[in-house]
Each structure stands twice: as structure tokens, then as C-alpha cells.
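All values below come from the heavy atoms of this structure, side chains included, with hydrogens, waters and symmetry mates left out. Atoms within a ligand are numbered from 1 in the order they appear, just like the ligands themselves. Predicted, not measured: the structure shown is a model, and the values here were computed from it.
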Amino acid sequence: MKIYIDSSDIKEIKNINKTNMVDGITTNPSLIAKQNKNIKLILKEICQEVKGPVSAEVAAISIDDMIKEARILKRIAKNIVIKLPLTFDGLNACSILSRKGYQTNVTLCFSASQALLAAKAGATFISPFIGRLDDIGENGSQLIFDIKKMFDNYKEIKTKILAASIRSAEHFCEVAKAGADIATIPPKLFHNLYKHDLTDKGLKAFLDDWQNTNQKIE
Ligand code: G3P
């Protein structure tokens, strides 16, 4: 499973990208708003740092305006992916842009039928929101499983499942088990994924024992 970082914070992105484990970035209007900076500048900096796909979301809701914004966003860098909401106009825009060769990410997906329509519209990525489904008492990871099963029935579907709204290590592992192609995770969660109390405890014991040897590796 590929890992994307769900953030517009260039400092956080650069820090995690040192590991070479970042396959792409996703942003949304709420994440951009947190930076208090021009959207084009934010995306340009991110695209210079990360060579994989960088999702940039349109803020328009009508098809013509979405297409206009997509053209502007696409000019920022080669690796920009146009993120569109899962509405009638969004699907329509996805269909037009995909046929023009744009990479697209259809977002705010909460059902399997929505995912199938996005695939039909030629979306490069579909973004089902796991945590927000759990918030309303549904099982977000089950949705990934259902979409994967459905897409596997049709070999012509090339749309990648990009699990979003991932809030915990459990979510991360559940979507991997369900067959998501990508999980997009906030920076804070990335740092939680490698931590374990027994790792810290074990390391401390090893280092204490090592000190008693009075040796140096040189
Ligand atoms: O990028 C969209 C998604 O990951 C948002 O997550 O936690 O706000 O539901 P969340």
C-alpha cells in the first residue's frame, strides 16, 4: 500500500519525506486554509518537494468553474492531480478532465455506488472517507472492502482506491487488509504508526546493557 501525507504543511511534509516513504500528497480546502498562504504558492512548494501525485482540490461547485480552476491548478506542476467533489457536476468535470489526460481524484466518497460512478467517469483515484463514516456509526473500512471487491469484478476499472480520513493505526491496517491502493494520513498519525511502548522499553534495556560493556563500535 502506498502512503500519501494528508497535509498542506510544507515543514511537516519535508520532515517525513526525508524517509523516502512518501508516495504522494493530498490537500483539501480546509488544510489549505490552515496555512494562511496563497494556494498556488503552497502547492508549488509541495510539488517541488514531493515528486509523486499531489492532489489539489477545486473550490468551485459548477462544472464550468471547476474546469476553469482545474486548468489553473494543473499549470502549477506536472504532478498536480485535480481533486473534485463527488457531485453531479464533479463527476461530469471528472469525465471531461480525464478524457483530456488530467489525473483526477474524486473526493468525499461515502458509498460504493459513488465509487463505481467515479470509476465510470475515469477518475484516477477515488477517496472514500473512513473516519467520517465511523463518526456516524458506520464501518468505514468495510466500504474499502466493498469497493475493492466491486472494482476487482471489472478489469477495465483502473481507478485507485485512496483511503482518506484515516485517524488511527487500526484504520491504517484495516484499509490495508481491505486492499486499498493508497492510504492518505495526517503527519501526526505517520509518527504514531512506528511507535510502540515495547520498542522504547526494549531499546532502553539494550542501551543500558551496552553501557555496562564500556565498548564503542568504531
Ligand atoms: O483529505 C480528506 C480527509 O483525509 C479528511 O480527514 O479527519 O478531516 O475526516 P478528516
query = Which pairs with one or both residues in residues 71-96 pass side chain to side chain donor-acceptor pair (under 3.5 Å), sequence neighbours excluded?
reply =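 As it turns out, the side chain to side chain donor-acceptor pair (under 3.5 Å) pairs with a partner in residues 71-96, which skip direct neighbours, are Ser95-Arg99.
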Does a sphere of radius 6.0 Å around [atom1] in [X] hold more than 12 heavy atoms from other residues, nucleotides or ligands, not counting ones at 6.0 Å or beyond?
X	atom1	answer
Lys100	NZ	no
Tyr194	OH	yes
Asn36	CG	no

Residue, atom name and distance, where the atom is the protein heavy atom closest to [atom]:
atom	answer
atom 6 (O) of ligand 1	Ser165 CA, 3.4 Å
atom 8 (O) of ligand 1	Arg132 NH2, 2.8 Å
atom 4 (O) of ligand 1	Asp6 OD2, 2.6 Å
atom 7 (O) of ligand 1	Arg167 NE, 2.8 Å

request  = Work out which heavy atom in Ser55 is nearest to a heavy atom in Asn105; give both atom names and the distance.
outcome  =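 In terms of heavy atoms, the two residues are closest at OG-ND2, 3.1 Å.
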task = Below 4.0 angstrom from a heavy atom of Asn28, which ligand 1 atoms are there? Numbered from 1 as shown, please.
result =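 Answer, ordered by atom number: 1 (O), 2 (C).
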request  = Verify the distance criterion only: is there a donor paired with an acceptor across the side chains of Glu57 and Asn28 at less than 3.5 Å?
outcome  =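 No pair is found: no donor N or O on one side chain lies under 3.5 Å from an acceptor on the other.
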request  = Would you check whether Thr26 reaches within less than 4.0 Å of ligand 1, judged by its heavy atoms?
outcome  =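 Contact absent.
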Region of Lys83 engaging ligand 1 - heavy atom pairs below 4.0 Å =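 Under 4.0 Å from ligand 1, Lys83 contributes side-chain atoms alone.
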